[in-house]
Asks: 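Mind having a look at this structure? Questions to follow.
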Amino acid sequence: MSKRLLDLGRVVARGRAGRLLSRFGPAGGGRPAGGHLLGRDAAAVTAPPDLLLLHALRCGGHATLPRIAASTGLDEPDVESGLIDLGAAGLVMRAAGPFAGWGLTERGKAVDADRIAAQLDAAGARGAVTAACGRFLDLNPELLDLCTAWQLRTVDGVRTINDHRDPDYDARVLDRFTDLDRRAEVVCAELAAALPRFARYRLHLSDALRRAHRGETEYLADGTASYHAVWAELHEDLLATLGIPR
Amino acid sequence: MRWVRTIGAQTDDPPETLGGKAHGLVAAHRLGLPVPDAFVVTTEACREFRRTGRLPEGLLAEVTSAVGVLESATGRTFGGSTAPLAVSVRSGAATSMPGMMSTILNLGLTTTATAALARETGDTPFARGARLGFLTSAASAFTGATAAPTAEAPGGAPLADAIRAAETFLAQRLGGPVPDDAAGQLVWALRTVFSSWDAPRARTYRDLHDIPHDLGTAVIVQVTVFGNRDERSGTGVAFSRDPNTGEPVPFGDVAFERQGDDVVSGRSATRPLGELADREPAVWAGLVDALDRVERRLRDACYVEFTYESGRLWILQVRPGRFVGRAALRVAVDLADEGLLGRREALRRVTPRDLEHARTPRIAASDDDIVLGRGVGACPGVVSGRVATSSDSATRLASGGPVVLVRPETSPLDMRGLAAAGGVVTARGGPASHAAVVARAMGKPAVVGAGGLTVDATDGSVTAAGRTVADGTVITIDGTGGEIVLGRPRTVTGDVDRHRDRLLSWADDASGDHSERSGTQRLRDAHTALHTTEEQ
């Protein structure tokens, strides 16, 4: 995780462990004390922590503690205690077994939908998020093309698994990713301006692309921290936030 | 004419000018196939548009006169208040860029023309459906390759509501109402298609596929045939041979009482092509004849897009089949046996990659097997496992053996199920969908866009091909050919294949080397030997 994200986690966690234990009601509320990040009030950046957790599970699906921590920027112990509280309220559940992790209950999904919609309207951001969502959807097919081009390529007219033995081809795909990312950055900025909790996607996307440029190319389309995974989560978040069914 | 060519048997410009699609239609004319009347605006006009930012001088006069030719050929009037003429407007570059650029259907169906079409046919829902087809295709053209929200008319919603929603969406994106005069629509469509050449997604495609940016696209304007006209109408795609196996039987999909891009885009549930034979024997006979003629002309397996309206067949696109792997191998051998190719040319047609591909395990379903459906293979390989329609079900069933996750489509919420499953099937989405990307990242066989499947996760069942299978039922999927088969059908790999053996024996004859080597090496040696002989 980038240092920036760790810092975000600390900022959020500071001075609120106690409060995390006591709040998961539908009303949410409560502004945490905290420093500034990206020139914004950290509280505004993040939304109340219980809603942050709830919504991370809504958009990212079942996940383990480290992944939820990475995705929300909260510390693992805070994540765990927050989830335990949400669990006591019947909003989340921990699944055991080989695919263990935390996930939403049906009730959790409903509560999240209410609170996320309320947050959107309280911020007066519905129009701006709808507009940005349109621009995101314009970019979406291209991003999916790029992930596919990273995985498959056409050689002698045959579409085949990219064995990554042609550095020129891979560099071209990465170059197109970078170009798309520049356009996505504008959309992410619009979203963050409309509703600060969207800021985390920009950080995660930049982080994935930076790693890919450093040679950790699995950060393009593989794994839960990849550009593709973060992008898909943002897609899900936009649909969930605006209440658009799939 | 400088910028426009009528498409006919006499048209003699190269594909660089006409675009590949129009060039294929010229070939179809020469074969005497039924092609709806059409003209093409050349790639040169597109290059001029890109240079100046304006439609070239004189183009509109030429287009008007070409539309006049379509009008007199059909006895209809473009945008007219009686017998209105509708056209499709399609991009077609010299090199195919599948799915990258715009197509606008049923253009010319203004409010007046739609009413006229309703009066003429006595079928208001048909006319309104056609108008909606224009609006939704225009909406996706305008927003780049993304399907506009209105492109999927809500099932069962009154057509008038869907039309209004599409008009509103378009007006928002256009910053004004949709042009309601036919000529205005056509000008707007030409600009839109020309501009779509420079859409970021199309540029990315060209960068990745080494296609120069300055070629431009041609635009085909063609008389619309309505596959949704009545119960004796439909549309489909057909290969002259099975693209999975190379077997010499027509293969494809047909959608009855549907129009245009519904099949190509996978939006509609389709039926196996063979059902056309029973339903419309004359159309079927015409289609089989067309496939045969095109194949003989190309001396290769071919692909055809067709529509039939009130029992009459029309050919809309013709191109080589572009088979790969085992199918490419078999077609080369069969065509040599049929005398269409020499053995040397057959050898040249097959690449070492085809041989490697042919090694991927494939389902070899017999007549006794029950094929539940077919989608697009998105990650090669065969897997058998129990159906799971939710992540919960997948993780639960996975403790008892392999599982195949079957979903309408996937999102991050399905990651747990994808992790637990040995393979994945989705009813919607293409080879670049979330499910496809994730499955490839995980190296799991995947079939996407199996439109005939209805997934009911609440109930824990999948309905396909008239039967319902519950979670826990064993199915087998093939991530190359996209088949979904009940139970555990036989599978094969290309190493045991008599066509492969014959081709490789020809390869040894060509290279003069009969020693023990890998198949790939034997083919490479043959290619080297053929290359050397040619140079001498």
Side-chain angles (χ1 to χ4, degrees), chain A residues 57-63 95 97-101 103-104 134 137-162 169 172-173 175-177 179-180 183 218 220-224 226 228-233 235-237 239 244 246, chain B residues 99-100 143-149 172-173 199-205 207-210 322-325 328 351-354 356-357 378-380 391-392 394-396 398-399 408-420 428-434 436-438 440-443:
Chain A
L57 293 180
R58 169 63 187 84
C59 303
H62 266 76
F99 305 98
L104 287 192
L137 291 177
D138 286 347
L139 295 176
N140 190 45
E142 193 181 341
L143 181 274
L144 291 169
D145 285 348
L146 284 173
C147 293
T148 302
W150 181 255
Q151 296 172 324
L152 300 177
R153 67 177 299 201
T154 305
V155 183
D156 303 332
V158 179
R159 213 176 199 202
T160 189
I161 302 285
N162 181 12
Y169 176 81
R172 241 183 306 162
V173 180
D175 183 56
R176 299 309 306 171
F177 255 105
D179 184 83
L180 175 95
R183 284 172 281 138
E218 68 276 17
L220 290 178
D222 303 342
T224 51
S226 69
H228 175 257
V230 177
W231 184 276
E233 229 168 277
H235 188 183
E236 189 66 24
D237 197 345
L239 298 182
I244 302 169
R246 268 191 180 268
Chain B
M100 287 301 141
T143 56
T146 323
Q172 277 168 0
R173 299 296 288 235
R201 187 168 176 232
R203 293 192 70 89
T204 293
Y205 184 91
D207 277 335
L208 295 175
H209 291 85
D210 288 320
R322 303 183 188 132
F323 287 7
V324 297
T351 65
R353 292 236 173 223
D354 287 324
E356 283 165 28
H357 259 251
C379 186
S391 286
D392 280 345
T395 47
R396 201 168 50 240
S399 58
E409 63 183 342
T410 66
S411 75
L413 308 185
D414 298 298
M415 290 306 292
R416 198 166 56 112
L418 284 160
R428 294 198 294 269
S433 60
H434 181 263
V437 172
V438 172
R440 284 191 292 262
M442 294 178 168

Asks: Using non-hydrogen atoms and a 4.5 Å limit, figure out which bit of A/Leu146 sits close to chain B: side chain, backbone, both or neither.
Replies: side chain
Asks: Which region of B/Ala328, side chain (C-beta onward) or backbone (N, CA, C, O), has a non-hydrogen atom less than 4.5 Å from a non-hydrogen atom of chain A, or is it both or neither?
Replies: neither
Asks: Could you tell me which portion of A/Ile161 (side chain, backbone, both or neither) has an atom closer than 4.5 angstrom to a non-hydrogen atom of chain B?
Replies: side chain
Asks: Looking at B/Ala420 and B/Ala398, what are the two nearest heavy atoms and their distance?
Replies: O-CB, 3.9 Å
Asks: Please identify each residue that fulfils side chain to side chain donor-acceptor pair (under 3.5 Å) with B/Asp414, with sequence neighbours left out.
Replies: B/Arg407
Asks: In terms of heavy-atom proximity below 4.5 Å to chain B, should A/Ala95 be classed as side chain, backbone, both, or neither?
Replies: side chain
Asks: Given heavy-atom pairs under 4.5 angstrom as the criterion, report whether the side chain, backbone, both or neither of A/Arg58 touches chain B.
Replies: both
Asks: I'd like to verify something: which residue of B/Arg203, B/Met442, B/Arg416 has the highest number of heavy-atom pairs under 4.5 Å with chain A?
Replies: B/Arg416
Asks: Can you tell if the side chain of A/Leu152 reaches within under 4.5 Å of the side chain of A/Asn162, non-hydrogen atoms only?
Replies: no
Asks: Where is the tightest heavy-atom contact between A/Phe177 and A/Cys147, given as atom of each residue plus distance?
Replies: CZ-SG, 4.0 Å
Asks: Only pairs of heavy atoms separated by less than 4.5 Å count here; which of A/Leu239, A/Leu144, A/Asp175, A/Val173 has the most with chain B?
Replies: A/Leu144
Asks: Examine whether an atom of B/Glu356 lies under 4.5 Å from a heavy atom of chain A, and if so say whether it belongs to the side chain, the backbone or both; otherwise answer neither.
Replies: neither
Asks: So which of B/Ser399, B/Pro431, B/Ala436, B/Ala394 has the biggest tally of heavy-atom pairs under 4.5 Å with chain A?
Replies: B/Pro431
Asks: If we define contacts as heavy-atom pairs under 4.5 Å, which of B/Thr395, B/Val438, B/Asp207 has the most with chain A?
Replies: B/Asp207
Asks: Hey, does B/His434 have a side-chain heavy atom less than 4.5 Å from the side chain of B/Pro412?
Replies: yes
Asks: So, A/Glu236 side chain and A/Gly60 main chain: donor-acceptor pair closer than 3.5 Å or not?
Replies: no
Asks: Are A/His62 and B/Ser391 side-chain neighbours, meaning at least one heavy-atom pair lies under 4.5 Å?
Replies: no
Asks: Pick one of side chain, backbone, both or neither for A/Leu104, based on which atoms fall under 4.5 Å of a heavy atom in chain B.
Replies: neither
Asks: Given B/Ser433 and B/Arg428, is the side chain to side chain donor-acceptor pair (under 3.5 Å) satisfied, shown in steps?
Replies: CA-CA 9 Å; B/Ser433 60; B/Arg428 294 198 294 269; over 6 Å; no
Asks: Side chain from CB out, backbone as N, CA, C, O: work out which of these in B/Pro408 comes under 4.5 Å of a heavy atom of chain A, or both, or neither.
Replies: neither
